[in-house]
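Some notes on the structure that comes next.
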There are 2 protein chains.
Amino acid sequence: MALRHAVLAALLDGEHSGYQLAKAFDVGMANFWHALPQQLYAELAKLEREGLLAGREVVQESRPNKRLFSVTDAGLAELHRFAAAPSKPSSIRDDLMVKVAAADSVDAAALIEQLEERAGIAAAKIELFEQLLRKMRGDLDEAEFLARGARIGPYLTCLRGRRFERENLDWCNEAVSVLRAREGSDAQL
Amino acid sequence: MALRHAVLAALLDGEHSGYQLAKAFDVGMANFWHALPQQLYAELAKLEREGLLAGREVVQESRPNKRLFSVTDAGLAELHRFAAAPSKPSSIRDDLMVKVAAADSVDAAALIEQLEERAGIAAAKIELFEQLLRKMRGDLDEAEFLARGARIGPYLTCLRGRRFERENLDWCNEAVSVLRAREGSDAQL
DNA sequence: AACAACATGTAAGCAGTTACATGATTTA
DNA sequence: TAAATCATGTAACTGCTTACATGTTGTT
């Protein structure tokens, strides 16, 4: 049960609505934790009931009303506790990798197509991360920001996301060229 | 529901028992799909009921008896279908990254400790992948194996795993040195 | 006129985790 | 003699996904 902590961490840079959080969990946050809007609304309600978040209603005119949430002292304490506790190793789940693992028994063309699609997604994400990183840095250059910038946490996770997607892109391209080369000359040992 | 496909893929290189699979899902397979032994035993039983796997009892003397499973034609057909179907993007879940995202509000020392531990784990995994890759290659050099080796699927996913862990290691080290540097001079903007 | 963005949820079902349960043999 | 390896499961719980449900405003 750690979606709760991901939500608390996401709310550290100010109050957000469920809708705003859902978008955050679709970009920067999504590198290490993914969640659908329904899940977020449910989790926010739960965290509020438990007193780890405080919600306030904001009445809007040309928009539906919304509820903004912020982390309470109890919420901060819970984050502290969580950060100090040992965690289990990360878990990854990727259908495409399962398909590649079965590459020898499966249609190569379909695999190549999906690897190329994935490479495109990775490239787009890299671009997104670059933007996010620039935005977080503001006027400072990277060394300066790493040394003295505010909110280093999200910056570091973004750096991890960029590294991950670069590897993803490179590997997809490598896998595609290997599979293509074997398609032509299918003399397997 | 794709553990089933991961199991089918894992059984492509011959029959295995639940126990053997559990070990495989703890090393090579774990890069893209993680599963506990209980889950595997349950899934194997289910796949056998559905006719995608065939199990046979092997009586042993100095060991408990075991059941070895292999993929049936129906299982292969299901893998084909799965490989050709579109899949949703990979999902990652990593507690440690959630903690790093909250780095500005939590205890830096505890974070550094966990990042170093993770770096160690990553280094060990890299070594493990190197071994696995050498073992799969056998006498061939890498270019040769990529071009003509048997069972390229597991080799490619292993290459992905090694890339991932290298990035992990580098990033953990980077994050540690950033956090250390900030610990000393805590003049945040 | 159609679609994207804003905004929030409920209900049912399925997948994954944790705890429990057992017991022989080989290695340190 | 203690621990690791071999070997297989059940039961209860929790968390995640899919499907459903609604309605306005701004953009193309």
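Heavy atoms only: backbone and side chains are in, while hydrogens, waters and symmetry mates are out.
The CZ-P distance, from A/F25 to D/dT17, rounds to 12 Å in whole Å. Distance NE2 (A/H16) to C1' (C/dT8): 18 Å, rounded to an integer number of Å.
Projected onto DNA chain D by closest heavy-atom contact, B/K88 and B/Q20 fall at different nucleotides, the more 5' of which corresponds to B/Q20.
Side-chain proximity of B/P64 to the nucleotides C/dG9, D/dG26, C/dG23 is greatest for C/dG23. Distances were taken from every side-chain heavy atom of B/L36 (C-beta onward) to each of C/dT25, C/dA7, C/dT18; the shortest belongs to C/dT18.
Remark: B/K66 is not positioned above the aromatic ring of B/Y19, lacking an NZ or CZ atom under 6.0 angstrom from the ring centre and at most 45 degrees off the axis. Seen from the ring of B/F164, A/R166 does not count as a face-on cation partner, given the 6.0 Å and 45° thresholds.
Contact annotation: B/Y41 reaches the phosphate of D/dT8 (side-chain N/O to OP1 or OP2, under 4.0 Å). The phosphate of C/dT8 (OP1 or OP2) has no side-chain N or O of A/Q38 nearer than 4.0 angstrom.
Using a cutoff of 4.0 Å between basic side-chain nitrogens and carboxylate oxygens, B/R163 and B/E167 are not scored as salt-bridged.
Scanning for side chain to side chain contact (heavy atoms under 4.5 Å, CB included) contacts around B/R134 gives B/E127, B/E130, B/Q131, B/R137, with sequence neighbours left out.
One N or O on the side chain of B/T72 and one on the backbone of B/G51 form a donor-acceptor pair closer than 3.5 Å.
Looking only at atom types and distance, the side chain of A/N31 has no donor-acceptor partner in the side chain of A/H34 under 3.5 Å away.
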Provide a list of protein-nucleic acid N or O atom pairs under 3.5 angstrom, restricted to nucleotides 12-15 of chain C.
none

